[in-house]
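Below is one structure; the comments refer to it alone.
Small disclaimer: the values here were computed from a predicted structure and weren't measured. Each ligand, and each atom within it, is numbered from 1 in the order the structure gives.
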Amino acid sequence: MSEAVVKIENLVKRYKEVLALDHFNLEIKEGEVFGLLGPNGSGKTTTINCILSLLSYDKGEVEVFGKKMTPDNYEAKRNIGVVMQNVAVFDELTVYENIDYFCGLYIKDKVKRKEYVEDAITFVGLEDFKKFYPKKLSGGLLRRLNIACGIAHKPKLIIMDEPTVAVDPQSRNKILEGIEELNKNGATIIYTSHYMEEVEQICTRIAIMDKGKNLALGTKDELKKMIKNTETIYIEKIDVTKEQLEAIGKINHVYSANVEDGKLQVKCSGGKHNLINVLNYINDNNIPCGRVYSELPTLNDVFLEITGKELRDKEA
Ligand code: ADP
Ligand code: MG
């Protein structure tokens, strides 16, 4: 049994009339890359601020490293690295100086600190930008600097709040690889995101949250097994009648069939030959159609089944 690094029990946080956390529970064990997945406004940042004792809350308990977390629990704070959602670096300092500043809050030994700063720079791939000022960095590079500042002191627990929002794919991959490496080197990670693909890629366990509540918890496979959907079949540019659509909805293992913008979506639960069965019907009835494909359930399907809505707004 690994020890709980963070334990949250029955946490309630209100901002005036907004109930941001509604009896929220969570236990994160040593060595996990724990994903907190939820749409904007679901309470991810509030959770993190409560874990860090940056915010007071109305009810509940927060423990970090087995002790109650309080604003003056410096012992715990020394062992936590935070990468906040909003980039927080000094414009007056270069990349190197920024990392050195944050690392210096924890690591007093100059030789050791130099080594740690260099490690952090290599880690986020900013070797060619050490002397750059933040204003000269692209959004992705700035995010990488923000991360380097948060993790340079080699903390045991690293909390990252949406570190890849509005980041180019190259920086995003670098960040995701980096998180996996930090974890291999022994850090426990809490990672929040509203991008389910990322959470699926790197997280060992995932909590899906919405409206301040923890809706589901498990590995990605466990989460997907909690739902009825096992496969969704898509057929583009289809021309079906209402009767045909109803008939498709009655095929074995199919539990819903809809057409939106000329694209048929068939949701299946169980069964092994769903795609063939649907295509046979299309063929037998000479229904004109375009591209056909099938998808396994995603975390979005999990979210959709639990809440009745999509995990994220369709992005522009
Ligand atoms: P997330 O990080 O998942 O996007 P937040 O924790 O930032 O969610 O927000 C949770 C809810 O609390 C939202 O409804 C948000 O509008 C509200 N909220 C967050 N911060 C404040 C604040 N300082 N004052 C008032 N309401 C807030
Ligand atoms: Mg947030």
Side-chain angles (χ1 to χ4, degrees), residues 6-28 33-62 64 69 71 80-89 139-140 142-147 149-151 157-167 171-172 175-176 179 189-203 205-217 220 223 298-300 302-304 306-316:
V6 173
K7 196 168 171 183
I8 300 176
E9 274 182 340
N10 260 323
L11 197 60
V12 176
K13 170 66 189 172
R14 283 176 192 283
Y15 300 101
K16 295 202 177 101
E17 68 281 2
V18 178
L19 183 57
L21 291 177
D22 183 3
H23 298 86
F24 187 77
N25 290 289
L26 202 62
E27 191 171 324
I28 295 163
V33 179
F34 193 93
L36 201 50
L37 178 68
N40 287 330
S42 54
K44 303 183 294 296
T45 300
T46 303
T47 303
I48 286 177
N49 288 341
C50 290
I51 293 174
L52 295 169
S53 254
L54 293 174
L55 265 182
S56 62
Y57 38 87
D58 301 272
K59 202 175 140 189
E61 306 272 342
V62 179
V64 179
M69 189 61 188
I80 303 177
V82 190
V83 179
M84 288 294 194
Q85 184 167 1
N86 300 316
V87 174
V89 296
L142 192 60
R143 284 256 161 206
R144 293 201 227 167
L145 170 61
N146 196 42
I147 291 170
C149 292
I151 56 111
L157 169 64
I158 297 172
I159 302 179
M160 295 192 176
D161 197 3
E162 308 224 28
T164 59
V165 166
V167 156
S171 281
R172 171 181 288 205
I175 291 168
L176 295 179
I179 292 170
I189 317 269
I190 303 176
Y191 182 88
T192 85
S193 181
H194 65 278
Y195 298 127
M196 59 174 188
E197 297 86 355
E198 293 185 348
V199 171
E200 280 204 27
Q201 192 183 327
I202 63 166
C203 296
R205 268 192 333 144
I206 299 158
I208 297 185
M209 71 182 297
D210 190 33
K211 297 186 178 144
K213 284 199 169 110
N214 189 343
L215 301 179
L217 175 77
K220 61 180 180 201
L223 288 170
T298 62
L299 292 178
N300 187 51
V302 179
F303 191 78
L304 187 64
I306 299 173
T307 66
K309 62 184 188 189
E310 301 278 331
L311 184 54
R312 53 182 146 125
D313 306 327
K314 293 202 170 67
E315 277 173 52

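- Residue Leu299 holds its CG atom at 5.0 Å from CD1 of Ile206, rounded to the nearest 0.5 Å.
- In terms of protein heavy-atom proximity, atom 9 (O) of ligand 1 is nearest to Thr46 OG1, 3.9 Å.
- By the 6.0 Å contact criterion, CZ on Arg14 is open, its count of non-hydrogen atoms from other residues, nucleotides or ligands being 12 or less.
- Contact atoms of ligand 1 toward Pro39: 3 (O) (distance under 4.0 Å to a heavy atom of the residue).
- For atom 3 (O) of ligand 1, the nearest non-hydrogen atom from the set Lys44, Arg14, Glu17 belongs to Lys44.
- Proximity of Met209 to Leu215: side-chain heavy atoms (C-beta onward) are nowhere separated by under 4.5 Å.
- Side chains of Leu19 and Val12 form a contact here, defined as non-hydrogen atoms less than 4.5 Å apart.
- When all heavy atoms of His194 and Pro39 are compared, the closest pair comes out as CB-CA, 4.3 Å.
- Taking 4.0 Å as the cut-off, Gly212 does not count as a neighbour of ligand 1 on heavy-atom distance.
- If you number the atoms of ligand 1 from 1 as listed, the ones under 4.0 Å from a heavy atom of Ser42 come out as 1 (P), 3 (O), 8 (O).
- Residue contacts with ligand 1 for Val18 involve side-chain atoms from C-beta outward but no N, CA, C or O (heavy atoms, distance under 4.0 Å).
- With Thr192 as reference, Asp161 is the one residue of Asp161, Thr47, Thr45 to meet the side chain to side chain donor-acceptor pair (under 3.5 Å) rule.
- Taking every heavy atom of Asn40 and a limit of under 4.0 angstrom, the matching atoms of ligand 1 come to 4 (O).
- Side-chain contact check for Leu26 versus Leu36: some heavy-atom pair is nearer than 4.5 Å.
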Stepwise side-chain contact (heavy atoms from CB on, under 4.5 Å) test for Thr298 and Glu200: CA-CA 9 Å; Thr298 62; Glu200 280 204 27; 4.3 Å; yes
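- Counting all heavy atoms, side chain and backbone alike, Tyr195 lies closest to Ala166 at OH-N, 4.1 Å.
- Given atom 10 (C) of ligand 1, the protein heavy atom at minimum distance is Gly41 O, 3.4 Å.
- Here 2 is the count of protein N, O or S atoms positioned under 2.8 Å from the Mg ion (ligand 2), waters not counted.
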Check against side-chain contact (heavy atoms from CB on, under 4.5 Å), Asp22 and Lys211: CA-CA 8 Å; Asp22 183 3; Lys211 297 186 178 144; over 6 Å; no
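- Side-chain contact between Glu162 and Asn40 is present, with heavy atoms from C-beta onward closer than 4.5 Å.
- Among protein heavy atoms, atom 7 (O) of ligand 1 sits closest to Thr45 CB, 3.8 Å.
- The nearest protein atom to atom 25 (C) of ligand 1, hydrogens excluded, is given as Tyr15 CB, 3.3 Å; this is a heavy-atom distance.
- The protein does not reach atom 15 (C) of ligand 1 closely, with no heavy atom under 4.0 angstrom from it.
- The closest side-chain heavy-atom distance from Met84 to Leu54 is below 4.5 Å.
- Residue contact annotation: Gly43 has a non-hydrogen atom under 4.0 Å from ligand 1.
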